[in-house]
Amino acid sequence: MGYDFKSIEKKWQKYWSDNKVFKVDIDKSKPKYYVLDMFPYPSGAGLHVGHPLGYIASDIYARYKRQKGYNVLHPMGYDAYGLPAEQYAIQTGTHPAVTTEKNIKRYREQLDKIGFSFDWDREVRTNDPKYFKWTQWTFIQLFKSWYNKKTDKAEPIDKLIKEFGKNGNKNIEAATTQEDIFTAGQWNAMSEKEQQDILMNYRIAYLSETMVNWCPALGTVLANDEVKDGLSERGGHPVERKKMKQWLLRISAYAQRLLDGLEKIDWTDSLKEIQRNWIGRSEGASVFFPVKNHDEKIEIFTTRPDTLWGATFMVLAPEHELVEKITTPEQKEKVEKYVQWAKNRSERERMAEVKNVTGEFTGAYGINPLTGDELPIWIADYVLSGYGTGAIMAVPAHDSRDFAFAKHFNLPIIQVVIKEGEEPTDPSTWEESYDSKEGVLINSGFITGMKVKDAIKAVIKKIEEMGIGKGTVNYRLRDAIFSRQRYWGEPFPIYYKNGIPYPLDESELPLELPEVDSFLPTEDGEPPLARAKNWKTKEGYPLETNTMPGFAGSSGYYLRYMDPHNDKEYFSREAVEYWRNVDLYLGGDEHGTGHLIYARFWNKFLYDLGLAVEDEPFMKLINQGKIQGRSSFVYRIQGTNKFVSYNLRKQYKTQALHVDINLVDGDVLDLEGFRNWLPEYKDAEFILEDGKYICGHEVEKMSKSKHNVQNPDDLIDRYGADTLRLYEMFLGPLDQDKPWDTKGIEGVFRFLKRLWKLYFDENDNLIVTDEKATDTELKVLHKLIKKIEHDIENFSFNTGVSAFMIAVNELSDLKSHKKEILEPLAITLSSYAPHIAEELWSALGHENSITYAPFPKWEEKYLKENTFTYPVSFNGKTRFKLELPADLSKEEIEKAALEAKESQKWLEGKTVRKVIVVPKRIINIVVS
RNA sequence: GCCCGGAUGGUGGAAUUGGUAGACACGUUGGACUUAAAAUCCAAUGGCCAUUGCGGCCGUGCGGGUUCAAGUCCCGCUCCGGGUACCA
């Protein structure tokens, strides 16, 4: 029978599940360790081999940590809301809950076959009312909170209301869109509606009329991170800018904390960089420019206040509120036309035409508050309404965009910064602007001669003294649009009374989705929930018809895992104080600007509320690379049904067609299988080479349409889960993208069969003995333990697998069948290949699972080498090898090397200049 | 454009962080076992030259440099992948 993986894996999977081997509870006698995989969306297509890659790695780590004595929390669940199930519902009428349930079932079956050590008792699903109750609850807290800049945290809105009643808002420093100052008297005199409108400007979850990314094809708005290149990330549909009333989360209030938090977490530099760019902090100054013959002032933002003397014009975003007021009658028509044109352009058009310079003169002039110069005010869509103040001073000499604009419209260019030691030149002859912050100021009043950095500080100080501006920091990070005009998501716990939104009482939660007759928007463009009958509170007030976006449910799930069945609170104090936060988080880096920002924000908010106990949710994060597909191709001679083998294809005019990789074995096509694959190939003819049809191949994305999807079930069927686990790890470094090549899996399968043979003979008799192990055997074992420990801790799983192979090869050569060696070997292997390890463990007479067997300790004494084989080089070139006792001194080594008979040939007629000896490394003899 | 990664045999990849380049596998070739195949085992396998023996030369995308010694460090490129995109 030999290594019968099928029965072994079935047996142990059942054992783990029946005995709840991986169930964990709070155990204060042990240190905790929290290993988490990114929340999967259960898609209808099921898993392909790329999906479990991260799960296998995290599972190895979780199992290893258990053996190192940690109490390991390793849960799994489902991010169950999502567009695919809803799109399917629209097409077929099948309720998304039904589709989702079905997909989850399939997903679970696939996961179970791989032998993961999840504590399934902690499973959560975002569409489960017991779960989303707390998503809704958090939303209510966000609604009832404001961000106090003085304490730098979220605080209850009630406190703010009291303060308004006492002192108005003059003493409040908040993250807010409220600009007008009011007194307590004014506040108390306001109507309920007026008060609520003002509070809305402070709430962290707030309703606002803003420009949104509207995707007509999906019938919903999208968050910034859900739009890529002007198209929706899901489905690739065009996205427009549209002004709509939407729920938003005031994540911008947390921009600085999100930035600072990156310093203390162990993520890859590239991911931190992605987040830093997304947050986009820039320091500069805001300066007020009076408008000639108007009372209005234009506030501009600049990172280069030192270049104020180089400003030659101003530019407003077409949407800027002052455009209408300041435009002169003569320019009115042109300006209106431009504004209209800019407004109607789609996001994609705008982005595609970035290099085209467009704009219009308003006829108005701004006044440079430092120089008194009059600057023509233009509008142009290269200035964005959403960033800074939507207005700039243009310094064409030192900003490439202003430069292009000035060139195009023939506006003056004045140089005010120069590289040290250079002479000024005429900017009108320049090919490009000088944007660098390196340099010295010229033609700039009191800052002339200063270095840029000092000049910036000096100007900020000056404008602050003059009261015409101040140093400010701007962030690119925008508030997150939090409502979707879709059905399949969490309903908002919000109702409207006289048009004013109010949160439901917490006792009303969870608010479940209503039944609807169709999953499409209504005829008047209302979201699907508007179709529901009786979508109102028991008092009869209408409920919010938007639903929450995908990231709502996935932003706090790691906290819920700590205490998933708690129906009184999100999670208990006790649970969060024990589990705290995620120690190791594994997933793809495509979540850099989405989930990973939102979850950090969500966590910080809960931290401010005193619920979360750590202000960063994910301490260490590893991005697993993607597994790419390896596509196979056949070459059809154009216009025929004849296929020519790869190496002969050049002789014909051919067309390369994807062929199902299951019909190809080592690039050789299964001709019969191919003919039966699709009806059109039934009568296919072939031109063979050496009697075979050789296919071409290419590495590309794994996808159904490319017929290169490898699904794990087939491989498990043929080789078993342990082989699959080992092979996925063996493919290469975890964080690198790598192509999938099924061929190599044979190698790890052979390894497991060889391993098996260390324990059993051909007749399945256990051949493990109690004989004392030799030093050589012990060295093999301890070398392995040391290496595996090191590799797991460094997430170098691929080299770990080869270490196992080396050890098993060596033990096979030694014909080693000793328990003293083979028992620790089984434990060491058990995190990688848990099924076979359990089987071996039980064959060795153990009755408990290997899961909690302590990880063996390696000992230095077994690793000692008596001799070392030195590579001896001459002038850096290795010439021969010399075995010497390991404990020789440098001088003795040098002597031995020079005296070795192989050395003579290289020393002949040469002078020894120098001998470099690095003990246990190398000997290098320099001759000339 | 800007910001990150990366480039090592026919293939996936290793290399204790400056110290024997190509571990471990796949593939290929040859051999053993077998009536045969599968499975298994053994051997060879970076390139070129030599092969009568030793052996020699070249070699980690390209060009320079530092060093006794460079895949690894520095400078300058090329190509590939990812992120971002008028963010003032």
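For clarity, every value in this text was computed on a predicted model and none was experimentally measured. Chain letters run A, B, ... following the sequence lines, proteins first and then strands; every chain starts at 1.
- We find that OH of A:Tyr719 is positioned 10 Å from P of B:A39, with the value rounded to whole Å.
- Within the nucleic acid shown, A:Ile274 comes within 4.0 Å of sugar-phosphate atoms alone, with no base atom in reach, counting heavy atoms only.
- Nucleotides B:U78 and B:U29 have their P atoms positioned 42 Å apart, rounded to a whole Å.
- Side-chain proximity of A:Lys738 to the nucleotides B:U16, B:U20, B:G12 is greatest for B:G12.
- Of the side-chain N and O atoms in A:Ser802, none sit less than 4.0 angstrom from OP1 or OP2 of B:G12.
- Distance CZ (A:Phe751) to P (B:A39): 19 Å, rounded to an integer number of Å.
- Tested against A:Tyr727 for a ring-ring contact (aromatic ring centres under 6.0 Å, His included), the candidates A:Trp740, A:Tyr832, A:Tyr719, A:Phe749 yield a single pass: A:Trp740.
- Rounded to whole Å, atom P of B:A85 lies 20 Å from atom CG of A:Asp435.
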Mind running ring pair (Phe, Tyr, Trp, His ring centres under 6.0 Å) on A:Phe313 and A:Phe405 for me, showing each step along the way? CA-CA 10 Å; A:Phe313 57 102; A:Phe405 196 83; 5.5 Å; yes
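- Put simply, CZ on A:Arg304 and OG on A:Ser282 are 13.0 Å apart, with the number rounded to the nearest 0.5 Å.
- The nearest whole Å value for the distance from the CH2 atom in A:Trp740 to the C1' atom in B:G13 is 15 Å.
- Ranked by how close their nearest RNA chain B nucleotide is to the 5' end, A:Gly390 and A:Lys914 are led by A:Lys914.
- Aromatic ring pairs are classed by plane angle as parallel below 30°, tilted from 30° to 60° and perpendicular above 60°; the pair A:Phe797 and A:Phe795 is perpendicular.
- For B:A14, the OP1/OP2 oxygens have a side-chain nitrogen or oxygen of A:Asn798 closer than 4.0 Å.
- For the P atom pair drawn from B:U60 and B:U72, the interatomic distance equals 9 Å after rounding to whole Å.
- A distance of about 37 Å separates the C1' atoms of B:C2 and B:G22, rounded to the whole Å.
- Taking 4.0 angstrom as the limit, A:Arg476 places none of its side-chain polar atoms (N or O) nearer than this to OP1 or OP2 of B:U84.
- A sub-4.0 Å separation between OP1 or OP2 of B:A25 and a side-chain N or O of A:Arg754 is present.
- A:Val926 pairs in a side-chain contact (heavy atoms from CB on, under 4.5 Å) with only one of the listed residues (A:Thr911, A:Val915, A:Asn875), which is A:Asn875.
- Checking B:U40, B:G13, B:A88 against every side-chain atom of A:Pro733, the shortest atom distance belongs to B:G13.
- With distances taken from any side-chain atom of A:Thr878 to the nucleotides B:A69, B:U20, B:A88, the minimum falls on B:U20.
- The P atoms of B:G9 and B:G71 are separated by 14 Å, rounded to the nearest whole Å.
- Base contact: A:Ile392 has a heavy atom under 4.0 Å from a base atom.
- An OP1 or OP2 oxygen of B:G5 is reached within less than 4.0 angstrom by no side-chain nitrogen or oxygen of A:Asn623.
- Along RNA chain B, the nucleotide closest to A:Lys787 and the one closest to A:Gly744 are compared, and the more 5′ of them pairs with A:Lys787.
- When the side-chain nitrogen and oxygen atoms of A:Lys753 are compared with OP1 and OP2 of B:U40, one or more of them lie within a distance under 4.0 Å.
- Syn is the conformation of B:U17, whose glycosidic angle sits no further than 90° from 0.
- Atom C1' of B:C24 sits at a distance of 33 Å from the matching atom of B:C74, rounded to the whole Å.
- Here B:A15 is the nucleotide among B:U16, B:A15, B:C24 with the atom lying nearest to any side-chain atom of A:Thr799.
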Assess the residue pair A:Gln256 and A:Tyr475 against the criterion (side chain to side chain donor-acceptor pair (under 3.5 Å)); give the C-alpha distance rounded to whole Å, side-chain angles, the decisive distance to 0.1 Å, and a yes or no. CA-CA 8 Å; A:Gln256 189 60 45; A:Tyr475 300 92; 2.3 Å; yes
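- Using cut-offs of 30° and 60° on the angle between ring planes, the pair A:Trp378 and A:Phe409 is tilted.
- Regarding A:Asp4, its CG atom lies at a distance of 16 Å from the C1' atom of B:A39, rounded to whole Å.
- Heavy atoms of A:Arg750 sit under 4.0 angstrom from primed sugar atoms or phosphate atoms, though from no base atom.
- Straight-line distance from the CD1 atom of A:Ile745 to the P atom of B:C24: 21 Å, rounded to whole Å.
- Within the 4.0 angstrom heavy-atom criterion, base atoms lie near A:Val918.
- In this structure, A:Lys272 fails the cation-pi test against A:Trp267, since its NZ or CZ atom is not both closer than 6.0 Å to the six-membered ring centre and inside 45 degrees of the ring normal.
- The side chain of A:Asp381 sits closest to B:C86 out of B:A25, B:A21, B:C86.
- Here the P atom of nucleotide B:G1 and the CG atom of A:Asp399 are 18 Å apart, to the nearest Å.
- In this structure, B:G65 shows a glycosidic angle more than 90 degrees from zero, which is the anti conformation.
- Among B:U40, B:A88, B:C86, the nucleotide with an atom closest to any side-chain atom of A:Tyr382 is B:C86.
- In this structure, of B:A88, B:C24, B:G13, it is B:A88 that holds the atom nearest to the side chain of A:Val383.
- B:G12 and B:G64 have their P atoms separated by 28 Å, given to the nearest Å.
- For the C1' atom pair drawn from B:G81 and B:G27, the interatomic distance equals 26 Å after rounding to whole Å.
- Counting any heavy atom pair closer than 4.0 Å across all strands shown, A:Ile916 reaches a base atom.
- Within 4.0 Å (heavy atoms only), A:Ser400 reaches no atom of the nucleic acid at all.
- The partner of B:G27, taking Watson-Crick or G-U wobble pairs whose two distances both stay under 3.5 Å, is B:U45.
- If you check every strand for non-hydrogen atoms under 4.0 Å, A:Arg879 touches sugar and phosphate atoms only.
- For the atom pair CD1 of A:Ile622 and OG1 of A:Thr268, the computed distance is 9.5 Å after rounding to the nearest 0.5 Å.
- With a cut-off of 3.5 Å on both Watson-Crick or G-U wobble distances, the partner of B:C54 is given as none.
- Rounded to whole Å, the distance from CD1 on A:Ile597 to C1' on B:U84 is 14 Å.
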